[in-house]
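Read through the structure below, which is laid out as structure tokens, and then see the notes.
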2 protein chains.
Amino acid sequence: MRPIGKQAELLKVIGHPVRIRILAELTKGVKCVSDFEEFLEISQPNISQHLTLLRNHGLIDYYMDGRLRCYYLLDPIVPDLLEVLSRDYEESLPAPACCPVTKKGKYPGKRRH
Amino acid sequence: MRPIGKQAELLKVIGHPVRIRILAELTKGVKCVSDFEEFLEISQPNISQHLTLLRNHGLIDYYMDGRLRCYYLLDPIVPDLLEVLSRDYEESLPAPACCPVTKKGKYPGKRRH
DNA sequence: TTAAAATATGCTAATATTCGAATATAAATA
DNA sequence: TATTTATATTCGAATATTAGCATATTTTAA
């Protein structure tokens, strides 16, 4: 299991609207930078920065095709995370059974819940 | 499906080592603040800040038990995300088939890959 | 050789995150 | 009522993230 620090880092890197959209596109197939320009409403340098960040963290990579940089997904966790992220959960988790024992275990006086 | 912006926000909130550890504990059961103090090496106010952040984003909630605040998981996506996050992936995704067609569709000159 | 296309880099200002320190609150007990 | 216990809030400094802008790089085409 990857260390907690790496897990947090991973979520932080993915946790940006533009990067989520980029990754979602890449789960469908290879895309070059100018393809992203067509559906992201941000500047090309900004797209490039996000791609570089994703690549620096090992989530994606690219190969050259003529003058195009064809980006593709590298880390297999990405589609799985995006899948969970896009699920619809109908309801919250059930409230826990009343007064479960915490480590402290002290339950002073009246209990109001 | 929750909007991309919300997805990003969610990942950003979870994407902190302390908050991941807090959430991982809460997937096992209810915990009060002083329980967290026992295994997190950070100050109580800092723990409280992280708990408040998680609560403000609807990931957790608490009920009072005497003077203890018993925190519990509220958002059902959390255990699923943590499960994916803790998976071991053996290898990277396969490199894409050579020269897939991008939207640009221009494949000038030599191809080196 | 010059120009164009595709993409990256460097810098900067604005904004957000993080943690520590001090302090506050609220309920229960002495 | 004063104290203790459990937990939260406020503030500030350090640091990180983000986007825009201008510019650079690389490769191909004219």
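Here is the naming used below: chain letters follow the sequence lines, and residue numbers restart at 1 for every chain.
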**Rounded distance in Å - CG (A/Asp65) to C1' (C/dA5)** = 14 Å
**Complete:** Whether each nucleotide of nucleotides 8-24 of chain C has a protein heavy atom under 4.0 Å at its base (B), only at its sugar-phosphate (S) or at neither (-) is summarised, 5' to 3', as BBBB-----SSBB-B--
**Complete:** Rounded to whole Å, CD1 of A/Ile60 lies from P of C/dT7 at a distance of 13 Å
**Prompt:** Does the pair B/Arg87/B/Glu83 count as a salt bridge with the N-to-O cut at 4.0 Å?
**Reply:** yes
**Message:** Can you list, in residue-number order, the parts of residues 21-29 of chain A that come under 4.0 Å of DNA chain C, counting heavy atoms only?
**Reply:** none
**Flag, side chain of B/Arg21 to backbone of A/Ile4, donor-acceptor distance under 3.5 Å** = no
**Ion pair A/Lys12/A/Glu9, N-O distance below 4.0 Å** = no
**Prompt:** Which heavy atom of A/Tyr71 sits nearest a heavy atom of A/Leu26, and at what distance?
**Reply:** O-CD2, 3.4 Å
**Prompt:** Hey, mind stepping through A/Leu93 and B/Leu74 against side-chain contact (heavy atoms from CB on, under 4.5 Å) and telling me if it holds?
**Reply:** CA-CA 5 Å; A/Leu93 289 170; B/Leu74 196 61; 5.9 Å; no
**Value in whole Å for how far the P atom of C/dA6 lies from CD of A/Glu37** = 9 Å
**Ionic contact status for B/Lys31 with B/Glu38, cut-off 4.0 Å** = no
**Interatomic distance where CG belongs to B/Leu40 and C1' belongs to D/dA6 [whole Å]** = 16 Å
**Fill in**
From CD of B/Glu38 across to P of D/dA6 the rounded distance in Å is 11 Å
**Request:** May I have the distance from B/Asp35 (atom CG) to D/dT5 (atom P), rounded to whole angstrom?
**Result:** 17 Å
**Prompt:** ring pair (Phe, Tyr, Trp, His ring centres under 6.0 Å) with B/His57: which residues, sequence neighbours excluded?
**Reply:** none
**Asked** Transitively linked via ILVMFWY side-chain contacts under 4.5 Å: A/Leu53 with A/Phe36?
**Response** no
**Prompt:** In whole angstrom, what separates B/Arg67's CZ from D/dA6's P?
**Reply:** 6 Å
**Request:** Mark yes or no for whether A/Gln7, through its side chain, and A/Arg2, through its backbone, hold a donor-acceptor pair below 3.5 Å.
**Result:** yes
**Prompt:** Within the pair B/Ser34 and D/dT7, is there a side-chain N or O less than 4.0 Å away from OP1 or OP2?
**Reply:** yes
**Request:** To the nearest Å, give me how far apart CE (A/Met64) and P (D/dT26) are.
**Result:** 11 Å
